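A short write-up of the structure that comes next.
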Amino acid sequence: MAIGPLCSREHSGLVLAAMALTLLMLVTAQGSDDETVETLTIADSTGDWGYPSPYGHYSRGPGYIRMSLIFDTLIWKDENGFVPALAESWEYLADEKAYVFHLRDKVTWNDKEPFSAQDVAFTIDYIQDHPYQWVDSSTIESAEVLDDRTVKITLTEEYAPFLDQVAGTLPILPEHIYDGVSDPASFMDSEALTGTGPFMLKSYDKAQGSYLYEANEDYYQGAPRTKQIKFIKVSQEMASASLEKGDVDAAAVPGETVDSLKDDGFAVIKGNHDWVAKIMVNHNKEPFSDIKFRQALYYAIDRDDLVKTGLRGYGLEGSAGLYASDNDWHNPSQEEYAHDPARTGKLLEELGYAMDGEGKYYSIDGYPDGIELLATADTERQAELIKKHLEDAGIKINLRSVDSKTLDSLVGGWKYDLALSGHGGLGGDPAILNKVVSDMVSFNSARYDKNSDLNEALKGQLAEMDPAKRKDLVDSAQELIAEDIPALPLYYTDSYWASNDLVSFYFTYGGVGSGVPIALNKMAFV
């Protein structure tokens, strides 16, 4: 079955199939013309996202974006769907559960060494011993070099999201550099940034949170028309003002500034609801391990108020099964937990808690000073509202503000009660459900494996190649997630990207790589 620049519906799922069938050619320069942009400055509210090597970048979307400027994958996506990258075509051998990739000729690494199929096979073997945080290598049985420009990747079992989650996400490594590197996370020499991508790193300042990239003039898809890309740290509150002053050329901006920016001639684009904010719940300890207690928390939180007040109306109310109501994968049959503080009280009383004279359930064992809720400076306004909602329902909350990396570390180490966090990826393949529910303990997930039916549905949807049957499994998984609510989805932010239009930015269909919902696709610069 030929897939090449085309991709069959059987092999990418209901949503990704549509985008894969739209293109037959390479992505071209995204601007309205071929004018050269000497330096493009991009604002980022966090700044440092780690060293931009495959194993050095911080495990959030912006970290992946910075790495992707330097390293290419076998295939890629633009605003419409899959496009060739290092592979110019590919096909799926159903009887062998294998993909064959036909690679481009005359591709070189940025140190001028030639790229070949051996580098692809080496990368596949390398991630078996050194797992790459964004790719599940357990789905791969082997990689075989058929010739210098052809490689066959055989899977352990049928894996519906392979093109999106592996071929379109895994950065290909140079064997001549990484062979013998036993600790790639600590490998931060300049050689660690030997890639085939359109840019090379010129400077990186961890303390300042700044990056400077320069164009790879020998890039196999043509020399980038953007010659330098600079990332600088600018707070969310100052992003629009920085655009107006000309200090930056592009930035994610708050919704309330959009009309003014448009009036002043800036180009503004809006993304989908692919990023969800949710309360991570430490379900490994009491009372959070009890489903009823988590449900009591969820009923107490007024998600409509969070959107109207906390987000000033620029967002969408969260759904218990994770997908936004306007997402193609959303199952409308799931439990939605309408705001009901009285239901909270009833559930708590069923659990044996009694309200004291001050209207608080202080009898919650082990929490005389209140349950701790972690938040960051970016989410303090929303966290204060959540605290009010919970305390109005009788649950005392101790709000603690930490930086985002500390929050991620505490969640990953199970050293927390509740944490207001979030993640993107919901616009891509539904493999995201496995990642954020059952596969990892990390920045955006607290592994939940207590429901065997949920585990079976999540595992099954990955292996189901029939799109209709896969949709049924994803629907079932959402209902089970909504029933157990291992985390409490709160809202989806409206995302806006503004620029002075030196580059025509776009939101990638399905998200960059495995679903990063940021309007920074490297092909916009080429």
Side-chain angles (χ1 to χ4, degrees), residues 9 12-18 136 159-161 164-165 272-281 283 291-292 294-299 301 303-304 306-307 315-340 343 421-440 444-493 510-511 514-515 517:
R9 288 174 62 89
S12 292
L14 195 63
V15 172
L16 288 175
D136 180 6
Y159 184 58
D164 187 69
Q165 300 287 302
N272 296 319
H273 293 115
D274 295 350
W275 191 94
V276 61
K278 58 187 183 182
I279 293 181
M280 306 303 302
V281 182
H283 46 71
I291 292 173
K292 277 190 176 181
R294 298 196 296 271
Q295 291 174 337
L297 293 173
Y298 208 29
Y299 277 120
I301 299 171
R303 287 167 282 159
D304 182 61
L306 280 175
V307 172
L316 187 66
E317 185 176 329
S319 294
L322 285 175
Y323 279 119
S325 58
D326 59 355
N327 189 295
D328 288 343
W329 290 101
H330 176 74
N331 177 7
S333 298
Q334 65 186 277
E335 175 61 53
E336 289 293 357
Y337 298 90
H339 180 226
D340 190 349
R343 185 73 179 273
S421 185
H423 61 81
L426 293 174
D429 190 275
I432 186 66
L433 296 181
N434 298 62
K435 289 182 177 180
V436 301
V437 175
S438 65
D439 283 354
M440 64 175 79
N444 61 14
S445 178
R447 180 184 174 90
Y448 186 76
D449 55 8
K450 298 175 175 64
N451 187 323
S452 58
D453 290 338
L454 174 57
N455 294 337
E456 184 178 341
L458 289 173
K459 182 179 179 181
Q461 67 99 355
L462 293 181
E464 182 53 68
M465 307 300 274
D466 181 278
K469 292 179 180 178
R470 191 178 187 207
K471 180 65 166 62
D472 288 342
L473 287 167
V474 173
D475 282 350
S476 176
Q478 287 178 77
E479 291 176 11
L480 292 165
I481 292 169
E483 180 180 324
D484 281 16
I485 47 172
L488 314 179
L490 301 175
Y491 54 81
Y492 312 91
T493 54
S514 60

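Since we're looking at a predicted model, the values are computed, not measured.
Using a 4.5 Å cut-off on side-chain heavy atoms (C-beta onward), Leu433 and Trp329 make no contact. Put simply, the side chain of Ile301 reaches to within 4.5 Å of the side chain of Ile279, judged on heavy atoms. Looking at Pro161 and Leu462, their side chains come closer than 4.5 Å, going by heavy atoms from C-beta outward. Considering only heavy atoms from C-beta on, Lys278 comes within 4.5 Å of Val436 through its side chain.
In this structure, CG in Asp449 is found 8.0 Å from NE2 in His283, a value given to the nearest 0.5 Å. Atoms NE2 and OH, on His339 and Tyr299 in that order, are 12.0 Å from each other to the nearest 0.5 Å. Remark: His330 NE2 to Leu426 CG distance equals 12.0 Å, nearest 0.5 Å.
The two residues Gly318 and Glu336 have their closest heavy-atom pair at O-OE1, 4.3 Å. When every heavy atom of Ser319 is checked against every heavy atom of Tyr298, the shortest pair comes out as C-OH, 3.9 Å. Gln334 and Gln478 get closest at one heavy-atom pair: NE2-OE1, 3.4 Å. Between Ala160 and Gln461, the closest heavy-atom pair is CB-O, 4.4 Å. Residues Ala477 and Leu458 approach most closely at CB-CD2, 3.8 Å, considering heavy atoms. Scanning all heavy atoms of the two residues, the minimum distance from Leu316 to Ser325 falls at CD2-OG, 3.6 Å.
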Exercise for the section: Using the side-chain contact (heavy atoms from CB on, under 4.5 Å) rule, take Tyr491 and Arg303 through it: C-alpha gap first, then chi angles, then the decisive distance, then the call. Expected result: CA-CA 7 Å; Tyr491 54 81; Arg303 287 167 282 159; over 6 Å; no
Practice task
Check the pair Val437, Leu322 against side-chain contact (heavy atoms from CB on, under 4.5 Å), reporting the backbone distance first and the verdict last.
Solution key: CA-CA 10 Å; Val437 175; Leu322 285 175; 3.9 Å; yes
Problem - Intermediate values then yes/no, side-chain contact (heavy atoms from CB on, under 4.5 Å), Lys435 and Asp136 - result: CA-CA 9 Å; Lys435 289 182 177 180; Asp136 180 6; over 6 Å; no
Handout entry: Residue pair Asn327, Tyr492: steps toward the side-chain contact (heavy atoms from CB on, under 4.5 Å) verdict
Key = CA-CA 11 Å; Asn327 189 295; Tyr492 312 91; over 6 Å; no
Report, one line per pair, each donor and acceptor closer than 3.5 Å where one atom sits in a side chain of residues 479-489; sequence neighbours left out.
| residue | atom | partner | partner atom | Å |
| --- | --- | --- | --- | --- |
| Glu479 | OE2 | Asn331 | ND2 | 2.9 |
| Asp484 | OD2 | Tyr448 | OH | 2.7 |
| Asp484 | OD2 | Asn451 | ND2 | 3.0 |

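The side chain to side chain donor-acceptor pair (under 3.5 Å) check on Glu317 picks up nothing, with sequence neighbours excluded. For Asp475, the side chain to side chain donor-acceptor pair (under 3.5 Å) test picks out Lys471, with sequence neighbours left out.
Using modelled atom types and a 3.5 Å distance limit, the side chains of Asp326 and His273 yield a donor-acceptor pair.
Within 6.0 Å of the NZ atom in Lys469, the count of heavy atoms belonging to other residues, nucleotides or ligands does not exceed 12.
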